[in-house]
Amino acid sequence: MAITFKEVTYTYSPGTPFEFQALKNISTKIEDNSVTAVIGHTGSGKSTFLQHLNALLKPTGGTVMIGNTTITSETSNKNLKPLRKKVGIVFQFPENQLFAETVEKDIAFGPENFGSTAEEASKIAKEMITLVGLPESVLSRSPFELSGGQMRRVAIAGVLAMHPEVLVLDEPTAGLDPGGRREIMQLFGDLQKKQKFTIVLVTHQMEDVANYADHVIVMEHGKIVKEGSPRAVFANVEWLHEKQLDVPASTEFAFEMQKRGFQFTRLPLTESELADDIADFFKKRGQTHE
Amino acid sequence: MNEMIKVSHLTYAYTQNSQPALDDVSFTISSGDWVAIVGHNGSGKSTLAQALDGLIDFKLGNIWVDGTKLTEQSVWTVRSNIGMIFQNPDNQFVGATVEDDVAFGLENMAVPHDEMQARVDEALSEVHMSDFRRKQPEQLSGGQKQRVALAGVIAMQPKIIILDEATSMLDPVGRREILGVIRKLKKRLGITVLSITHEIDETTDADKIIVLNDGKIVSTGAPETIYSHSGLLLKLGLDVPYSQRLKRELTQRHIKTPETYFDEEGMVDWLWQSLLKK
Ligand SMILES: Nc1ncnc2c1ncn2[C@@H]1O[C@H](COP(=O)(O)OP(=O)(O)OP(=O)(O)O)[C@@H](O)[C@H]1O
Ligand SMILES: Nc1ncnc2c1ncn2[C@@H]1O[C@H](COP(=O)(O)OP(=O)(O)OP(=O)(O)O)[C@@H](O)[C@H]1O
Ligand SMILES: [Mg+2]
Ligand SMILES: [Mg+2]
């Protein structure tokens, strides 16, 4: 499902002393069957942007087209259930979306609410908990008596259980241990390739952007200041440094090598690209060992 | 005696029939040290932090903080020495506004009003949240909440700071900046810092790393020592520093790399020596 933003603005608490314009004239298109990463500083508007993807927030001005549903400030909440089935969100703070008395009920809630039988839903819960790397014994526990990273995994399982057409992830790997981070990102990547749905994620992990995203949106003060492929966006290391943003560690490493006189035809984005480049340097120098 | 924290045979299970979240944990932390605690999800890191802050009623083992044994009677004394940042900042906020929240810890310590004002101002400015002082905590973005939580401990200037993934939602540049602020404060006031983190680059400057696995300490040592066991770290679901990861990739490409641990700068230097130096 594709999503189009047309001149979207969003203002929190309009007409009060707390009025704050968090999105300013945002226009962009998120393609169907793609992975889009949204990056930017604290407070740049990333979470606000994401919450427009399932009409949890409605634009103060402009329109958001989600598939063929048009959302404006006038849209009523009444007919949004079909949309909520299609777009699943994992929030920045997973605690905020856990609610049931057991993990199993929490994960089974979505499927049941959208038509699965209790039995089917419970089977889905078992599958999903394994997918996110937790033992089945967690299913009978309260989701509120888990560690932070375990809660995050349960929240992810709950959203995956709904088989959404658009998967929206607000810092999905924050709080996951490094192994879990790798596994969960790999899981999202594999599922996306197999099922060809749309993923939009906010992340501070530039490695994940390099490895998984087709498209990157850079936000600053409520505006989109750059977008394009990871290769295009990360090509300009100096611009990103100026904007106080990071590049993937491999790009940064190559950038430092460049300063010492190494020449790259294009800056690498991932460890394996960088290692290939370095191996080439060794080959050229005729010093490959072993 | 310069032991700021001593934990001896601490064992704790949340319920009678669950696996212990902490299993015979013993360690000491010297005054003024920066200690990083790493471990997989559910390994017991937050439970340990809460035990140190007297928030968990453990029956087995003992904890001493700045020479005081943690008991029901001493818990308030112990807690007044600790500035703790919880994993979820929403569990942290008590004030109606950002500035009230930052001031809260100081009010409890009976800091005079003028000094309190000055410390709150300074702390908010250190974390770049001065413009938000009149906002309500629930009106902040995730990273802004973490910044305010950090301002709270910066203003408090406690003997011990415990950070439970306190920067997990900051952008990388912001994260380094805020950690720099804490490092400066630690140096100036000799604060002891315990930092629970999944970010490997937050551990490189630590005096000591403690590795937890299923409630047990499996390894303790200086960063270089811990990093040199990269196989173990990966097996435990943890990370190794970027330079070590790159080395593994190079080894797979039959390039012989130095045995000793190099940071990124060291690696670039080594590459320059091997490839470009005339
Ligand atoms: N309130 C609770 N009731 C019962 N069990 C709990 C509770 N809180 C945590 N646990 C369990 O205790 C173990 C240790 O949890 P803890 O929160 O200390 O882990 P952690 O190392 O901080 O993990 P994370 O990296 O995910 O934050 C986990 O298995 C967890 O499920
Ligand atoms: N309920 C609210 N009322 C008023 N202002 C708000 C509210 N929620 C967020 N804001 C403000 O809107 C701006 C954008 O917030 P948003 O949560 O979208 O940022 P973000 O890019 O997700 O940041 P982070 O990386 O820290 O999560 C911030 O300056 C924030 O203070
Ligand atoms: Mg956010
Ligand atoms: Mg924890």
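Computed from a prediction, not measured in an experiment: that's the story for all the values here. Here is the naming used below: chain letters follow the sequence lines, and residue numbers restart at 1 for every chain.
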In Å, rounded to the nearest 0.5 Å, how long is the span from [atom1] of [X] to [atom2] of [Y]?
X        : Y        : atom1 : atom2 : result
B/Glu165 : A/Leu176 : CD    : CG    : 9.0 Å
A/His41  : B/Leu170 : NE2   : CG    : 11.0 Å
A/Leu274 : B/Tyr242 : CG    : OH    : 4.5 Å
A/Lys46  : B/Ser141 : NZ    : OG    : 6.5 Å
B/Glu249 : A/Glu271 : CD    : CD    : 5.5 Å

Under-4.0 Å salt bridge between A/Asp246 and B/Arg176: yes
Side chain / backbone / both / neither for [X] at chain A, heavy atoms under 4.5 Å:
X        : result
B/Lys277 : backbone
B/Asp164 : neither
B/Glu264 : both
B/Gln139 : side chain
B/Gln146 : neither
B/Arg134 : backbone
B/Lys45  : neither

Is any residue of residues 8-22 of chain A within less than 4.5 Å of chain B by heavy atoms, and which ones? A/Ser13, A/Phe18, A/Phe20
Specify which of [options] makes the most heavy-atom pairs with chain A at under 4.5 Å.
options                                : answer
B/Val38, B/Ile200, B/Leu234, B/Val173  : B/Val173
B/Leu246, B/Thr197, B/Leu250, B/Leu233 : B/Leu246
B/Gln144, B/Arg248, B/His128           : B/Gln144
B/Ser243, B/Pro172, B/Gly44            : B/Pro172

Between [options], which residue shows the highest count of heavy-atom pairs closer than 4.5 Å to chain B?
options                                : result
A/Lys259, A/Glu145, A/Arg182           : A/Arg182
A/Ser137, A/Ser272, A/Ser47            : A/Ser272
A/Arg152, A/Arg153, A/Met206, A/Glu252 : A/Arg153

If you define the side chain from C-beta out and look only at heavy atoms, does anything of [X] sit under 4.5 Å from [Y]?
X        : Y        : result
B/Ser274 : A/Phe281 : no
B/Asp90  : A/Glu95  : no
B/Glu177 : A/Gln244 : yes
B/Met169 : A/Gln92  : yes
A/Ile278 : B/Leu271 : yes
B/Asp269 : A/Arg260 : yes
A/Phe282 : B/Arg253 : no

In this structure, are over 12 heavy atoms from other groups packed under 6.0 Å from [X] atom [atom1]?
X        : atom1 : answer
A/His221 : NE2   : no
B/Glu138 : CD    : yes
A/Glu101 : CD    : no
B/Glu265 : CD    : no

Side chain to side chain contact (heavy atoms under 4.5 Å, CB included) between A/Gln205 and B/Glu199, worked out: CA-CA 10 Å; A/Gln205 306 289 330; B/Glu199 298 294 334; 3.4 Å; yes
Do A/Ser147 and B/Asn41 pair up side chain to side chain, a donor and an acceptor below 3.5 Å, judged on atom types alone?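 Not at all, the side chains of A/Ser147 and B/Asn41 share no donor-acceptor pair under 3.5 Å.
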Closest non-hydrogen atom pair between A/Arg285 and B/Leu275, with its separation: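 Distance-wise, the nearest heavy atoms are NH1-O, 2.9 Å.
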Where is the tightest heavy-atom contact between A/Asp177 and B/Gly39, given as atom of each residue plus distance? CB-O, 4.3 Å
Derivation and outcome, side chain to side chain contact (heavy atoms under 4.5 Å, CB included), residues A/Phe253 and B/Met267: CA-CA 9 Å; A/Phe253 193 95; B/Met267 273 295 273; 3.6 Å; yes
Please state whether the side chain, the backbone, both or neither of [X] comes within less than 4.5 Å of a heavy atom of chain B.
X        : value
A/Glu207 : side chain
A/Glu256 : both
A/Asp170 : neither
A/Arg181 : side chain

Going through the distances and angles, do A/Ile39 and B/Asp171 end up as a side chain to side chain contact (heavy atoms under 4.5 Å, CB included)? CA-CA 9 Å; A/Ile39 63 174; B/Asp171 55 88; over 6 Å; no
